[in-house]
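Structure record follows, encoded as structure tokens.
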Amino acid sequence: MRSVMLSEVVSVLSRIRATASKNEKIFIAADFLASVPRDQLADTARLMIGQLLPSDFGSPGIGFADLKAVRDITLQKSLFSERLTVARVAEAFKTISSISGRKARQRKASVLRGLLIDATREEIEFLLGCMTGDVRAGFSEGLLIEAIAKASGREASAVREMFGILTDVGRVADAVLGGGDKGRAAVLEPMRPVKLMLAEPSMNIRQALASVSLPAAVEYKLDGIRVQIHISRDQIRIFSRRQTDVTDALPEIVEAVRAVSVSSAILDGEVIAFTDKPLPFQEVMRRVTREKDVMGEAERTPVRLFLFDVLYLDGEPLIDLAYEERIERLKRIAPAELLVPRKIIASEADAERFLEKSLSEGHEGVLIKSLKGIYQLDRRSADWIKVKEHITIDAVVIGAEWGHGRRSNWLSNYHLGVKSRDGFVMVGKTFKGVSDAELKRLTDLLLMEVEEDHGSWVKVRPNIVLEIAFNEIQRSPKYPSGMALRFARVVRIREDKSADDVTTEEELRRIMQQQFLSKAERMK
DNA sequence: ACTGATGCGTC
DNA sequence: GTCGGAC
DNA sequence: GTCCGACGACGCATCAGT
């Protein structure tokens with residue numbers, strides 16, 4: 001049986017990159033996949049979207065910083081062509097991923113060098129691109145799923161649902177095109193984390209209700225970590241949205257779940273840091289990746305679980321039931337204190353009141369959910385709509401970074417300052433919210449203000465003012481002001497304003513204090 | 001033993 | 001996580 | 001509607017260097 005060569009993947013991807021048409025990308029990919037032998041489907045499919053390892057395998061542990069030296073050395077030596085197979089690449093990265101301990105980075109780099117020494121220039125660029133996330137072929141998970149569907153003659157929606165269960169494109173390719181699943185059938189089952197359903201963002205309640213019909217359900221949107229809780233007999237595991245096992249970091253959540261009376265289940269919910277009021281998102285972050293002194297941190301930063309859905313119960317998948325029926329089941333099995341606050345609304349005013357209540361209690365906003373909607377794995381469906389609050393300020397640009405990819409020739413990432421006692425203090429960066437026209441305009445404006453050229457970025461005189469929206473002010477350990485804007489984006493360029501008009505550090509600090517009227521502060 | 005950089009996860 | 005552009 | 005790729009904030013673990 002033939003071996004799939006890395007060069008084939010690289011050349012297929014350059015053809016995919018060359019067309020803007022999604023259909024054509026899918027067609028090229030499907031055509032290629034159809035030619036791949038079964039035993040190499042998984043590795044090939046992953047590589048086509050720049051994935052070097054199976055999704056549940058961990059990560060290489062070597063990144064951008066280590067690659068410069070590797071690139072320089074190997075670029076000079078790339079004399080050979082078309083030697084590397086997809087299988088060898090996959091094997092090498094599994095090895096790299098498994099290396100740890102003293103001098104791990106160097107040892108990882110040396111395995112990588114051993115691989116790249118047999119690679120062509122294009123293959124090196126591709127593999128390093130996989131590691132830094134800039135393959136940039138306009139081809140990713142979604143289109144690959146469609147390509148797998150096309151190559152197999154199956155419905156894309158069916159393959160997509162399979163992906164929601166298997167969570168790895170390699171396993172999907174293998175299951176759909178290889179005719180096998182290597183022991184992992186594509187069925188929903190406790191202890192196998194899935195791709196959860198997501199919500200569509202919406203500006204406000206009115207807009208949200210334009211796509212969900214009344215009556216509808218409305219729930220508090222809690223600012224924490226999305227969790228899927230898997231129960232099988234006396235076993236309980238907690239997984240994150242991206243299928244990481246976080247059970248060991250959250251012992252008191254495991255205990256709380258013991259109050260749920262089922263023989264098996266998959267539950268969907270949110271874990272937030274909470275004392276008498278919710279704590280800021282930063283606090284719950286201390287808990288999720290924690291390995292050392294978990295109990296100590298648990299005392300300092302208590303967490304609570306709020307459940308809002310059930311995907312599987314006592315041996316039966318429930319994802320094809322309507323939301324209102326799933327909620328009925330959830331209410332039957334879980335104690336009320338573990339359920340997210342929710343109600344049925346019949347009017348826009350009801351929804352507005354519930355949003356106000358959620359915000360006044362220190363939460364992030366609300367979700368509006370269609371009563372009839374099924375649970376769609378791995379989908380951001382209009383059946384769930386989220387509404388969050390945001391704040392706007394005026395900030396002045398004090399620096400800017402040159403963009404990458406489609407933003408290559410523009411100043412794209414703006415350093416935001418607010419007015420302080422003497423000058424301006426930086427409170428974050430943003431690149432979001434600008435149209436291409438604004439990007440060009442801002443580049444022109446900023447280039448006229450350049451004070452220092454640092455290559456990848458420029459320091460500019462504080463003369464360009466932007467209206468900035470954000471969701472929250474975070475306590476920053478990085479910025480001297482001690483404040484950073486969370487999810488900052490540009491609303492518009494304020495050519496009518498000057499630096500004198502921008503928000504002050506004092507004002508920003510007041511806004512932060514206001515946040516703490518409804519949120520708890522950390523226990524010491 | 002300590003500090004800072006880096007990777008990778010959460011949002 | 002948010003957003004704009006492109007299909 | 002859907003997908004992609006521009007890149008933001010923080011906190012923890014790990015590793016490199018002193």
Side-chain angles (χ1 to χ4, degrees), chain A residues 19-26 49-50 58-67 99-108 131-146 156 160 198 200-201 211 222-227 240-244 246 249 270-272 280-294 297 301 364 379-382 386 388 390 401 403-408 410 412-416 427-439 468-479 483-491:
Chain A
T19 174
S21 156
K22 284 186 189 176
N23 285 336
E24 205 173 325
K25 286 173 192 276
I26 292 165
I49 56 168
S59 39
I62 176 173
F64 190 77
D66 305 289
L67 295 179
I99 293 172
S100 69
R102 216 168 51 82
K103 304 232 170 187
R105 293 231 171 100
Q106 283 178 33
R107 280 146 59 216
K108 283 170 191 275
M131 303 184 68
T132 55
D134 47 19
V135 175
R136 295 197 188 105
F139 186 76
S140 192
E141 223 162 69
L143 296 188
L144 178 59
I145 296 292
E146 298 221 31
R160 180 73 179 262
L198 305 174
E200 268 185 11
S211 43
L222 309 178
D223 193 9
I225 306 294
R226 183 81 178 272
V227 289
S240 70
R241 174 173 152 191
R242 291 185 175 79
Q243 299 86 46
T244 310
V246 293
E270 188 94 358
V271 168
I272 61 171
F281 174 75
Q282 278 170 290
E283 304 297 337
V284 76
M285 286 292 299
R286 296 176 194 280
R287 296 294 312 277
V288 278
T289 54
R290 191 98 189 178
E291 290 177 20
K292 297 171 188 163
D293 189 27
V294 168
E297 192 56 44
T301 312
E364 198 182 15
R379 307 246 37 146
R380 201 179 284 281
S381 153
K386 58 181 170 186
K388 297 192 197 184
H390 66 89
E401 296 168 24
H404 296 90
R406 73 181 297 282
R407 291 188 169 200
S408 284
W410 294 318
S412 148
N413 196 3
Y414 312 113
H415 299 183
L416 306 173
V427 292
K429 302 187 214 176
T430 188
F431 57 93
K432 288 189 282 242
V434 282
S435 65
D436 283 2
E438 290 172 314
L439 207 56
I468 300 292
F470 59 93
N471 287 58
E472 187 187 36
I473 302 168
Q474 292 183 289
R475 289 215 152 112
S476 174
K478 173 178 148 187
Y479 293 113
M483 298 184 286
L485 307 182
R486 184 173 180 210
F487 308 141
R489 61 266 190 191
V490 177
V491 177

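Quick note on labels: first sequence line is chain A, next is B, and so on, each numbered from 1. No experiment lies behind these values; they were computed from the predicted model shown.
- Backbone-only contact: A137(A) has heavy atoms under 4.0 Å from sugar-phosphate atoms and none from a base.
- Atom-to-atom distance recorded for L144(A):CG and S140(A):OG is 8.0 Å, nearest 0.5 angstrom.
- Counting heavy atoms from C-beta on, the side chains of R475(A) and Q282(A) come closer than 4.5 Å.
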* To do: Check step by step if salt bridge (Lys or Arg N to Asp or Glu O under 4.0 Å) holds for E200(A) and R380(A).
  => CA-CA 6 Å; E200(A) 268 185 11; R380(A) 201 179 284 281; over 6 Å; no
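- dA6(D) atom P lies 12 Å from atom CG of L439(A), rounded to whole Å.
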Quick tally for nucleotides 10-18 of chain D: nucleotides whose base has a protein heavy atom under 4.0 Å get B, sugar-phosphate-only ones S, the rest -, giving BSSS-SS--
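- With respect to R406(A) and D436(A), a salt bridge is recorded, a charged nitrogen being found less than 4.0 Å from a carboxylate O.
- Using a 4.0 Å heavy-atom cutoff across all strands shown, A488(A) reaches no nucleic acid atom at all.
- Ionic pairing of R290(A) and E297(A) is present here: one or more N-O contacts between side-chain nitrogen and carboxylate oxygen are shorter than 4.0 angstrom.
- With a 6.0 Å cutoff to the six-membered ring centre and a 45° limit on the axis angle, R486(A) counts as a cation-pi contact of F281(A).
- The distance between atom CG of L67(A) and atom P of dT6(B), rounded to the nearest whole Å, is 12 Å.
- Residues S21(A) and N23(A) have side chains that never bring a donor and an acceptor to within less than 3.5 angstrom of each other.
- Nearest nucleotide to the side chain of I225(A), out of dG7(B), dT10(B), dT2(D): dT10(B).
- At whole-Å resolution of the value, CH2 in W410(A) and P in dC7(D) are 12 Å apart.
- Applying the 4.0 Å criterion to OP1 and OP2 of dG1(D), one finds that R160(A) has every side-chain N and O outside that range.
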Letter by letter from the 5' end, nucleotides 2-7 of chain C scores (B base, S sugar-phosphate only, - none; protein heavy atoms under 4.0 Å) BSSSBB
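- A close approach under 4.0 Å does occur between a side-chain nitrogen or oxygen of T244(A) and OP1 or OP2 of dT10(B).
- Atom CD1 in I145(A) sits about 14 Å away from atom C1' in dT2(D), given to the nearest Å.
- Atoms CD (E472(A)) and C1' (dA9(D)) sit 10 Å apart, rounded to a whole Å.
- Comparing the same atom, C1', in dC11(B) and in dC7(D) gives a spacing of 14 Å after rounding to whole Å.
- Counting to the nearest Å, the P atom of dT6(B) and the CD1 atom of I62(A) are 13 Å from each other.
- Rounded to whole angstrom, the span from the NZ atom of K25(A) across to the C1' atom of dC3(D) amounts to 11 Å.
- At a threshold of 4.0 angstrom between heavy atoms, the contacts of E141(A) are confined to the sugar-phosphate backbone, with no base atom among them.
- Residue G224(A) is in sugar-phosphate contact alone, with no base atom involved, counting any heavy-atom pair closer than 4.0 Å across all strands shown.
- Taking side-chain N and O atoms only, H404(A) has no distance below 4.0 Å to OP1 or OP2 of dG5(D).
- Put simply, CD1 on I225(A) and CZ on R287(A) are 11.0 Å apart, with the number rounded to the nearest 0.5 Å.
- Rounding to whole angstrom units, CE of residue M131(A) and P of dT6(B) are separated by 15 Å.
- Interatomic distance, L439(A) CG to R407(A) CZ, rounded to the nearest 0.5 Å: 5.0 Å.
- Donor-acceptor pairing under 3.5 Å is recorded for the side chains of H415(A) and E401(A).
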